[in-house]
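Written below as structure tokens is the structure these notes are about.
Letters A, B, ... are given to chains in the order of the sequence lines, protein chains preceding strands, and every chain is numbered from 1.
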Amino acid sequence: MKIHSKIYMALIMLFLYAPIIVMVVFSFNSSNSTGVMVGFSIKWYGELFNSSSILNALKNTIVLALCSSVISVIIGTLAAVGIFMLKRKWLKSSILTVTNIPMMNPDIVTGVSMMLLFVFVGQMLGMREVLGFGTLLIAHITFNLPYVILSVLPKLRQTDPHLSEAAQDLGCTPFKAFFKVVLPTITTGIVTGFIMAFTLSLDDFIISYFTSGPEYQTLPILIFSMTKRRVTPDIYALSSLIFVVILVLLLIMNITQSRAENKSKKLRTKEGY
Amino acid sequence: MNTSSRASGLINAPYTAWAMIFIIAPLGMVAYFAFTDRAGNFTIANILSLNNYLEAFLRSILFALIATIICLLIAYPLAYILSKSKANLQRNVILLIMIPMWMNFLIRTYSWITILSNNGIINSILSYFGVGPLRMINTSGAVILGMVYNFLPYMILPIYSIMSRLDNNLVEAASDLGASSSQVLRKVIFPLSLPGVISGITMVFVPSVSTFYISQKLGGGKMLLIGDLIEIQFQSAYNYNLGASLSLVLMVLIIICMAVMNKFAYDEGELII
């Protein structure tokens with residue numbers, strides 16, 4: 001690679017990581033400023049574990065992400081199987097078009113539209129406060145579903161339809177054939193869908209912002225309300241910790257992946273391909 | 001045949017119901033609120049009053065267009081360089097590009113304040129060299145920078161994924177037949193990478209044109225975008241009807257932009273063939 005290509009790449013990396021470096025550095029600030037570095041201290045990391053609002057929001061975020069991704073994987077896998085089985089083309093394409101809507105629409109419109117529905121239904125039922133965990137859960141399931149469906153569908157297309165038929169010829173009920181034959185072959189798609197749903201749900205701010213109530217705050221919503229006032233370095237400390245966790249997880253994934261690739265390469269050369 | 005279509009109907013029922021209630025109905029709600037007043041009577045006053053916000057609409061489109069073009073100009077060479085480099089480097093750089101996407105965008109955007117503010121990092125470095133403080137924060141440039149920063153990975157990844165799968169034989173064939181390297185780029189590589197470019201453009205333009213957090217933090221609340229106006233209507237002014245009509249227009253605007261672009265891409269595709 002030429003030297004100017006290297007410089008170009010390095011500059012883009014600097015651009016992408018500059019705010020993250022700033023965040024990590026200022027999380028060790030001894031004063032409560034996020035503008036001027038005064039001295040080194042790790043007190044914000046200690047503060048983090050004493051802040052009940054941050055810990056509570058973290059717990060809320062994880063609970064919501066787990067519930068919404070599990071439910072959307074169940075509904076989404078079922079939906080993918082249903083869509084795959086559909087014979088009528090126009091029906092299939094119209095369901096897929098509707099599935100694409102939450103992905104194509106800007107998040108703010110998705111959030112606002114769901115909020116309007118919840119408020120409207122809440123008014124009809126005479127409820128004073130509709131927005132809360134329930135509405136957040138519904139919203140998260142809704143924006144997760146397309147990602148689950150679109151990661152399971154291609155796997156279904158790759159499976160051999162004769163396998164399921166063979167299982168049924170050999171005496172399986174269609175139900176049993178699905179669990180014994182089809183499900184194992186689409187597992188990777190389901191796992192991908194789950195991971196995507198989980199991470200999207202963890203990170204979502206815009207849709208949650210419009211569909212959540214005051215009593216169930218997730219971490220991104222808490223961060224937003226903190227940045228409306230003055231940010232103290234404790235939130236930087238939290239983000240730095242999250243950054244380290246993500247970095248370690250991805251590095252492990254990357255290393256295992258490249259090891260597996262090297263192994264298969266070696267195997268292939270041994271077998272003389 | 002009959003039982004199988006009944007079975008597929010049964011499997012499809014839960015998701016179809018979910019999509020009807022939580023995807024289609026909320027969009028209907030947006031239209032309903034946009035064309036009614038607070039008492040629920042039909043009116044077009046909301047839509048007519050949007051004339052007052054023409055400036056914000058034009059500004060949003062302009063900023064999003066500039067940010068999209070800058071992203072494309074940065075991402076395209078990077079994707080090209082990357083697709084030509086060693087497999088190991090490719091994987092590591094892609095990983096490095098994806099890590100920031102996993103971090104909360106509110107915090108990453110907020111960190112830019114520390115970098116850009118009047119007594120921030122860049123200005124401290126500049127004053128060391130005797131250059132007076134530059135006003136960077138709360139300018140339109142800062143807002144566009146925030147958009148480019150947040151959405152650049154969404155431009156890099158689709159273009160890279162197309163380029164890395166490009167058939168190298170086509171490039172070699174073109175050079176064997178006497179094409180210069182710039183001709184190869186123009187006549188072979190660019191047309192083949194167009195699908196990646198198109199999806200990159202949509203993935204950057206849609207969130208840029210509808211953002212509100214970036215303009216709030218880096219624009220100092222002085223440069224209102226459509227997203228800001230919608231957010232204000234729903235979170236502080238509580239004028240849901242006006243907010244709904246703003247959302248409706250935003251949605252229509254994006255549909256028009258995408259239709260124009262898809263048509264453009266289609267024509268371009270035919271031209272090449």
Side-chain angles (χ1 to χ4, degrees), chain A residues 1 5 8-9 12-13 15-20 22-23 26 34-36 75 78-79 81-83 85-87 95 98-99 101-102 104-109 112-117 119-120 138 142 145 174 199 203 205 210 219-220 223-224 227 231 235-236 239 242-243 246-247 250 254 258, chain B residues 4-5 7-8 11-12 14-16 18-19 22-27 29-30 33 74 77-78 81 85 88 91-93 95-97 99-100 102-108 110-112 114-115 117 119-121 149 152 206-207 209-210 212-213 217 227 230-231 234 240 243-244 247 250-251 254:
Chain A
M1 196 167 38
S5 311
Y8 185 67
M9 244 185 228
I12 290 172
M13 289 303 140
F15 175 60
L16 287 177
Y17 280 87
I20 295 174
V22 167
M23 179 191 86
F26 277 85
T34 53
V36 185
I75 302 178
L78 211 64
V81 173
I83 293 169
M85 278 167 68
L86 276 180
K87 296 278 186 301
I95 290 185
V98 172
T99 302
I101 291 176
M104 300 312 281
N105 243 346
D107 281 354
I108 191 169
V109 173
V112 159
S113 68
M114 298 202 79
M115 178 191 184
L116 286 173
L117 178 79
V119 168
F120 186 78
I138 291 174
T142 307
L145 274 172
T199 50
D203 202 39
F205 161 66
F210 289 101
L219 203 54
I223 292 172
F224 177 74
T227 58
V231 176
I235 204 84
Y236 277 10
S239 302
I242 296 174
F243 176 67
I246 291 167
L247 200 67
L250 285 178
N254 204 33
S258 65
Chain B
S4 100
S5 77
S8 88
I11 292 173
N12 271 305
Y15 175 65
T16 313
W18 187 282
F22 297 119
I23 298 176
I24 303 292
L27 295 180
M29 279 294 146
V30 172
F33 274 82
I74 297 176
L78 181 73
I81 294 170
S85 49
N88 238 339
R91 197 173 36 228
N92 291 334
V93 172
L95 189 71
L96 281 175
I97 291 167
I99 289 170
W102 291 49
M103 306 215 31
N104 189 288
F105 87 98
L106 303 167
I107 288 289
R108 283 185 293 129
Y110 191 87
S111 296
W112 276 105
T114 306
I115 301 175
S117 65
N119 48 6
I121 293 172
Y149 172 74
L152 181 63
V206 172
V209 83
S210 61
F212 63 93
Y213 186 77
K217 285 297 153 208
I230 296 175
E231 195 248 349
F234 283 97
Y240 291 0
S247 312
L250 175 63
M251 213 156 61
I254 287 173

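Both the backbone and the side chain of F224(A) come within contact range of chain B, each with at least one heavy atom under 4.5 Å from a heavy atom of that chain. Only the side chain of T199(A) has a heavy atom closer than 4.5 Å to any heavy atom of chain B. Proximity to chain A involves both the backbone and the side chain of P100(B), based on heavy atoms less than 4.5 angstrom apart. With a threshold of 4.5 angstrom between heavy atoms, V98(A) approaches chain B through its backbone and through its side chain. In this structure, chain B has a heavy atom under 4.5 Å from the side chain of F205(A), while its backbone stays farther away. Residue contact with chain B, scored on non-hydrogen atoms closer than 4.5 Å, is absent for L219(A). Looking at M104(A), the atoms closer than 4.5 Å to chain B (heavy atoms on both sides) sit in the backbone and in the side chain alike. Proximity to chain A involves both the backbone and the side chain of I74(B), based on heavy atoms less than 4.5 angstrom apart. When heavy atoms are compared at a cutoff of 4.5 Å, M114(A) approaches chain B by way of both its backbone and its side chain. Within the 4.5 angstrom heavy-atom criterion, atoms from both the backbone and the side chain of W102(B) approach chain A. Only the side chain of I115(B) comes within contact range of chain A, judged by heavy atoms closer than 4.5 Å. In this structure, the portion of I12(A) lying under 4.5 Å from any heavy atom of chain B is its side chain and not its backbone. With a 4.5 Å cut-off on non-hydrogen atoms, I138(A) touches chain B through its backbone and its side chain both. For F210(A), the parts lying under 4.5 angstrom from a heavy atom of chain B are both the backbone and the side chain.
Rounding to the nearest 0.5 Å places CG of L16(A) at 9.0 Å from CG of L96(B). In this structure, CG in L78(A) is found 12.0 Å from OH in Y15(B), a value given to the nearest 0.5 Å. Rounding to the nearest 0.5 Å gives a distance of 6.5 Å between CD1 of I23(B) and OG1 of T142(A).
N92(B) is linked by a side-chain hydrogen bond (donor to acceptor under 3.5 Å, both in side chains) to N254(A), counting only residues two or more places apart in sequence or in another chain. Under the side-chain hydrogen bond (donor to acceptor under 3.5 Å, both in side chains) criterion, S117(B) pairs with no residue at all, not counting sequence neighbours.
Note: L86(A) leads V81(A), L86(A), I242(A), D107(A) in heavy-atom pairs under 4.5 Å with chain B.
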